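Working notes, beginning with the structure itself.
Fair warning: this is a prediction, and the values are worked out from it, not measured in the lab.
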Amino acid sequence: MVLTPSYPKMGILEPDNNGNINPEIDYERFSGRVSDKDDSSRIFKVQVENNNSKFFRAGDQVLFKVNLQDNRDYCKAFVRNVEDFHFTIYVESLGPCYSTSKYFLRGTVLNFYSKTLGIRVFEATKYREQLIVRKEDFLKQLNDINHFLWTFDQQKVKTAANYDEEINRLMREKRKALDDMISLKQERLNLQNELMQRLNELDESLKYYRVERQELMTDRWNSDHDAGLPMGQRPQPIQQ
């Protein structure tokens, strides 16, 4: 079952379109009622039921016809002031759209045509789409911030627990690293003693297996010397 909101049926011209334009509606045309005017019937204050007239600006040109007198031409007017559900216009002449011999009554309904208003409504709805996107972005940021603030205590405890767990892990790694260094030191001490002992043994072996160098002069003298014979003068006389 699809749940839909219940809107009033009386007085509703179109369903809610979330403030966007309806392509089936001509926003260039609308009606208004003259709520006040000056004595010369040149300045009118117009009341409207649709507040799209808020997009008017001073100096905008509008055309209008008096209601039920569509066979006459448009009168030309210029916007002077804009209020909520009201705007003031200056009329150049009522001759094209109303008989100058008749008194122009307050409360007269006017049918307006403004191409400028249609453009402004289109621009407004496009700008509104951008505003909606920005609003959704701000709402998402606000929702994230609210969620953080609402769960701050839980996040604080969770963060502290994570750091405590990390600290305990580092402490275990520290103790293990120190124990490994102590074991490594003992191994190196044992290896040092063993290497020193082997080096001493090698030095003894090297010393034992060393081949002595022969002294030629000493050996030759020992070979020539005969302690049992007399020694002559040296050098010997030159033989002739």
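- A distance-only check finds a donor-acceptor pair linking the side chain of N190 to the backbone of Q186 [under 3.5 Å].
- R169 CZ: more than 12 foreign heavy atoms inside a 6.0 Å radius.
- Annotation for S93 and C75: closest pair O-SG, 3.4 Å, computed over non-hydrogen atoms.
- Clustering ILVMFWY residues whenever any of their side-chain heavy atoms sit less than 4.5 angstrom apart, transitively, puts Y98 in a cluster other than the one holding I43.
- Here the side chains of Q69 and R72 are in contact, with some heavy-atom distance below 4.5 Å.
- In this structure, S53 and V82 approach most closely via the heavy-atom pair O-CG1, 3.6 Å.
- The side-chain heavy atoms of Y127 and L131, taken from C-beta on, include a pair separated by under 4.5 Å.
- In this structure, K65 is positioned above the aromatic face of Y74, its NZ or CZ under 6.0 Å from the six-membered ring centre and within 45° of the axis.
- Counting heavy atoms from C-beta outward, F78 and V91 have side chains that stay 4.5 Å or more apart.
- Judged purely by atom type and a 3.5 angstrom limit, R42 uses its side chain to pair as donor or acceptor with the backbone of E92.
- Between L94 and S41, the shortest heavy-atom contact is CD1-O, 3.7 Å.
- Of the possible donor and acceptor atoms, none in the side chain of R175 sits under 3.5 Å from a partner among the backbone N and O of L170.
- V66 and C97 get closest at one heavy-atom pair: CG2-O, 3.7 Å.
- With hydrogens and angles disregarded, no donor-acceptor distance shorter than 3.5 Å links the side chain of S31 to the backbone of N111.
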Working note: K176 + D180, criterion salt bridge (charged side-chain N to carboxylate O under 4.0 Å, His left out); need CA distance, chi angles, decisive distance, verdict.
CA-CA 6 Å; K176 183 177 182 301; D180 292 343; 3.2 Å; yes
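- Looking only at side-chain heavy atoms (C-beta outward), K45 and K37 stay at 4.5 Å or farther from each other.
- No donor-acceptor pair under 3.5 Å is formed between the side chain of N143 and the backbone N or O of L139.
- From L63, atom CG reaches atom OG of S114 across 7.5 Å, with rounding to the nearest 0.5 Å.
- Residues F152 and I145 fall within the same hydrophobic cluster, defined by Ile, Leu, Val, Met, Phe, Trp and Tyr side chains chained together at heavy-atom separations under 4.5 Å.
- Within the 4.5 Å cutoff, side-chain heavy atoms of I132 are placed close to those of E136.
- The side-chain heavy atoms of E49 and R33, taken from C-beta on, include no pair separated by under 4.5 Å.
- F87 and F104 fall within a single hydrophobic cluster, where Ile, Leu, Val, Met, Phe, Trp and Tyr side chains are chained together by heavy-atom contacts under 4.5 Å.
- Salt bridge R29/D26: present, at least one basic N to carboxylate O contact under 4.0 Å.
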Mind running ring pair (Phe, Tyr, Trp, His ring centres under 6.0 Å) on F30 and F64 for me, showing each step along the way?
CA-CA 9 Å; F30 64 98; F64 68 88; over 10 Å; no
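- Atom CZ of R106 has more than 12 heavy atoms from other residues, nucleotides or ligands within 6.0 Å.
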Would R198 and E201 satisfy salt bridge (charged side-chain N to carboxylate O under 4.0 Å, His left out), going step by step from the backbone distance to the final call?
CA-CA 5 Å; R198 292 191 178 187; E201 293 175 355; 6.0 Å; no
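- Side-chain contact between N168 and R172: present, with at least one pair of heavy atoms (C-beta onward) separated by less than 4.5 Å.
- Linking ILVMFWY side-chain heavy atoms closer than 4.5 Å, directly or via other members, places L110 and Y113 in two distinct hydrophobic clusters.
- Linking Ile, Leu, Val, Met, Phe, Trp and Tyr whenever their side-chain heavy atoms come within less than 4.5 Å leaves F85 and V62 in two separate clusters.
- Between D144 and K140, at least one side-chain N (NZ, or NE/NH1/NH2) sits under 4.0 Å from a carboxylate O, which counts as a salt bridge.
- In Q141, the CD atom is crowded: over 12 heavy atoms of neighbouring residues, nucleotides or ligands sit closer than 6.0 Å.
- Here the side chains of L178 and K174 are in contact, with some heavy-atom distance below 4.5 Å.
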If you apply the rule ring pair (Phe, Tyr, Trp, His ring centres under 6.0 Å), what do you find for Y90 with F44, and how did you get there?
CA-CA 7 Å; Y90 172 79; F44 296 162; 9.7 Å; no
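- In this structure, D60 and R57 approach most closely via the heavy-atom pair OD2-N, 2.7 Å.
- When atom types are taken as modelled, the side chain of T125 and the backbone of F122 share no donor-acceptor pair closer than 3.5 angstrom.
- Ring centroids of Y27 and F55 are separated by 6.0 Å or more, keeping the two rings apart.
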